[in-house]
Trainee: 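Handing you this structure, nothing more for now.
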Amino acid sequence: MFKKALLIALASGLCTLPGLAAAIELNFQGPFPEGQAQSTAVLIPWAQSFAQKSDGKFVVHFFGAGAIVKASEAEHAVSTGMLDMAGWGPVGFPKSYPYMTMSSLPFLAKNSLHAARLFNAMYQTMPEVKRELDKQGIPLAIWSSASMVAGSTKAAITSPADFAGKRVIIPNPALSTTVEAWGGIPVYTQASDVYVGLQRGMGDIFYGGAIFVKSLKLIEVVRHVTVLPTSYNCAVISINKSVFHSMTPEEQKLLKDNSADLAEKLMQSHAAEETQVLESCKAQGIEVHQLTDAQSQAFREAIAPVIQSYWLKSFEQTGVKNAPAEVEKLRALAATIPAD
């Protein structure tokens with residue numbers, strides 16, 4: 001706790017010299033580690049740009065994920081004011097964000113850019129989603145996680161039949177229902193143990209985010225990687241409401257103007273990193289598979305019963321009224337949004 005308090009104190013400008021006008025100083029904990037591409041290429045430059053554009057009168061101090069509070073606590077920390085700004089994910093709190101959680105529905109989006117644009121459209125056009133996010137704080141950027149992939153140590157994965165009877169290592173237990181719908185046997189393990197699990201034969205397949213293939217060095221143990229546009233998770237950067245409303249109109253305008261293209265930059269950064277991961281796989285001799293429309297449809301059909309028995313039921317249990325109708329509205333909205 002002392003470390004956290006000290007970091008916040010330093011970021012809040014408590015050491016302002018007497019006689020000098022105090023700058024507005026905000027602490028911002030990002031959703032990624034400090035050295036990750038989205039931090040170094042987008043979020044750190046964004047944070048630094050406030051001081052540059054305000055002649056030092058508006059300062060944002062960047063901290064990587066977990067530097068002040070655990071990443072899982074960022075949503076609570078920014079809503080209560082322990083953090084001035086933070087990056088977090090609504091899907092981790094389905095009872096607080098039931099309508100936004102529908103964004104994780106399998107095969108709703110075609111790729112990560114499509115998903116990010118859909119999530120922004122949900123906030124702009126669905127009153128329930130706007131109400132949920134505005135209750136938590138002031139959203140500055142809404143975007144999406146990267147695509148999901150299946151990495152295989154043996155044969156290519158191009159149909160649900162390729163999962164049948166196979167042990168599938170997953171870094172998130174929420175992926176179990178999808179794996180089971182395809183006939184696989186889910187084996188949950190911590191992300192840090194996925195590499196060893198594949199290496200030692202705990203499973204033949206990894207199913208998870210494309211970024212893991214690089215960050216967990218799975219490129220050393222898999223022979224095939226298949227892009228599976230199944231579920232995408234929404235991510236948000238927001239500012240505490242009290243902090244925002246304590247600002248002058250000029251400061252609020254600077255904050256919003258300087259954040260206007262932040263979501264787009266994060267979308268493009270995610271897409272670029274995903275492409276880089278797949279190109280690195282190819283360079284290492286790994287076969288990368290993009291599903292055809294017919295192959296993708298087979299995965300959709302295999303998971304359809306789970307949509308009814310699990311996803312719609314879970315949406316209604318967390319507070320979505322008439323989930324089937326709401327999901328159809330969401331699919332119709334997705335169909336109006338460009339995927340490239």
Side-chain angles (χ1 to χ4, degrees), residues 91 101-112 114-115 118 144-189 191 194-195 197-198 201-213 216 218-219 221-233 274 277-278 281-282 286-315 323-324 327-328 330-331 334-335 339:
V91 174
T101 299
M102 291 195 302
S103 64
S104 62
L105 186 74
F107 290 103
L108 181 62
K110 296 180 180 179
N111 54 50
S112 58
H114 187 218
L118 171 61
S144 165
S145 62
S147 294
M148 304 291 284
V149 298
S152 173
T153 60
K154 296 181 179 179
I157 305 296
T158 56
S159 76
D162 296 322
F163 276 93
K166 303 289 197 315
R167 292 170 65 83
V168 183
I169 296 178
I170 54 175
N172 183 344
L175 301 175
S176 296
T177 53
T178 300
V179 170
E180 290 170 348
W182 293 334
I185 304 168
V187 179
Y188 168 66
T189 184
V194 171
Y195 180 99
L198 289 172
M202 289 173 54
D204 299 322
I205 301 170
F206 160 76
Y207 176 56
I211 307 303
F212 281 134
V213 176
L216 300 182
L218 304 187
I219 201 168
V221 291
V222 299
R223 293 173 55 194
H224 298 268
V225 169
T226 302
V227 180
L228 287 169
T230 44
S231 294
Y232 294 87
N233 290 332
E274 186 178 317
V277 168
L278 297 179
C281 288
K282 293 177 184 178
I286 297 170
E287 292 190 45
V288 175
H289 307 272
Q290 300 279 356
L291 298 180
T292 65
D293 288 344
Q295 290 170 334
S296 182
Q297 183 60 28
F299 278 98
R300 287 173 181 266
E301 290 174 358
I303 206 173
V306 180
I307 298 293
Q308 297 295 327
S309 65
Y310 173 76
W311 290 89
L312 294 181
K313 184 177 180 180
S314 66
F315 292 156
V327 165
E328 287 309 308
L330 196 51
R331 285 175 172 155

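Computed from heavy atoms alone, side chains included, the values below leave out hydrogens, waters and symmetry copies.
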Trainee: To the nearest 0.5 Å, tell me how far W182 CH2 sits from L228 CG.
Mentor: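 Between atom CH2 of W182 and atom CG of L228 there are 5.0 Å.
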Trainee: Counting C-beta onward and ignoring hydrogens, is there a side-chain heavy-atom pair between L105 and R331 closer than 4.5 Å?
Mentor: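 The answer is yes; the side chains approach within 4.5 Å.
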Trainee: Please answer whether the main-chain N or O of G208 pairs with a side-chain N or O of N172 as donor and acceptor at a distance below 3.5 Å.
Mentor: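 No; judged by distance alone, with no hydrogens or angles, the pair does not exist.
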Trainee: Can you give me the closest heavy-atom contact between S104 and S231, atom names plus distance?
Mentor: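 Looking at all heavy atoms of both residues, the closest pair is O-OG, 2.9 Å.
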Trainee: Side chains of I303 and F107: closer than 4.5 Å at any heavy-atom pair?
Mentor: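 Touching, per the 4.5 Å side-chain cut-off.
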Trainee: Testing R223, R167, K154 for salt bridge (charged side-chain N to carboxylate O under 4.0 Å, His left out) with D204, which one passes?
Mentor: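 One option only clears the test, and that one is K154.
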Trainee: Taking the side chain as every heavy atom from C-beta outward, state whether T178 and M148 have any pair of such atoms under 4.5 Å apart.
Mentor: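 SC-SC contact between T178 and M148 ruled out.
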Trainee: Please report the interatomic distance CZ(F212) to CG(L218), rounded to the nearest 0.5 Å.
Mentor: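 These two atoms lie 9.0 Å from each other.
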Trainee: What distance separates T101 OG1 from W311 CH2, expressed to the nearest 0.5 Å?
Mentor: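 Going from OG1 on T101 over to CH2 on W311, the span is 9.5 Å.
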Trainee: So, using side-chain hydrogen bond (donor to acceptor under 3.5 Å, both in side chains) as the criterion, who are the partners of Q308 when residues are at least two apart?
Mentor: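 Checked Q308 against side-chain hydrogen bond (donor to acceptor under 3.5 Å, both in side chains); zero matches.
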Trainee: Between T230 and Y207, is any side-chain donor less than 3.5 angstrom from a side-chain acceptor?
Mentor: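 Yes, Y207 and T230 have a side-chain donor paired with an acceptor closer than 3.5 Å.
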Trainee: To the closest 0.5 Å, what do you measure between CZ (F299) and OG (S159)?
Mentor: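 F299 CZ to S159 OG: 6.0 Å, rounded to 0.5 Å.
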Trainee: To the nearest 0.5 angstrom, please state how far the SG atom of C281 sits from the NE2 atom of H224.
Mentor: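 If we round to the nearest 0.5 Å, C281:SG and H224:NE2 are 12.0 Å apart.
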Trainee: For residues S103 and V91, determine if any side-chain heavy atom of one lies less than 4.5 Å from a side-chain heavy atom of the other.
Mentor: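 A side-chain contact under 4.5 Å exists here.
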Trainee: Look only at the side chain of E274 and the backbone of S147, and say whether a donor-acceptor pair between them is shorter than 3.5 Å.
Mentor: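 Pair found, side chain donor or acceptor close to backbone of S147.
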Trainee: Just so I know, are the side chains of L312 and I307 near enough to count as touching, which here means a heavy-atom distance under 4.5 Å?
Mentor: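 Yes, their side chains come closer than 4.5 Å.
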Trainee: Closer than 3.5 angstrom, by distance alone: can the side chain of H114 be matched with the main-chain N or O of L108 as a donor-acceptor pair?
Mentor: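 Answer holds: no.
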Trainee: For residues P186 and I170, report the shortest heavy-atom separation together with the two atoms involved.
Mentor: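 Where P186 meets I170 most closely, the heavy atoms are CB-CD1, 3.9 Å.
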Trainee: Rounded to the nearest 0.5 Å, what separates atom CD1 in I157 from atom CZ in F206?
Mentor: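 Here the rounded value is 13.0 Å.
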Trainee: For a quick test of reading the model, state the closest non-hydrogen atom pair linking A146 to I211 and the distance between them.
Mentor: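 Nearest heavy atoms, A146 then I211: CB-CG1, 3.8 Å.
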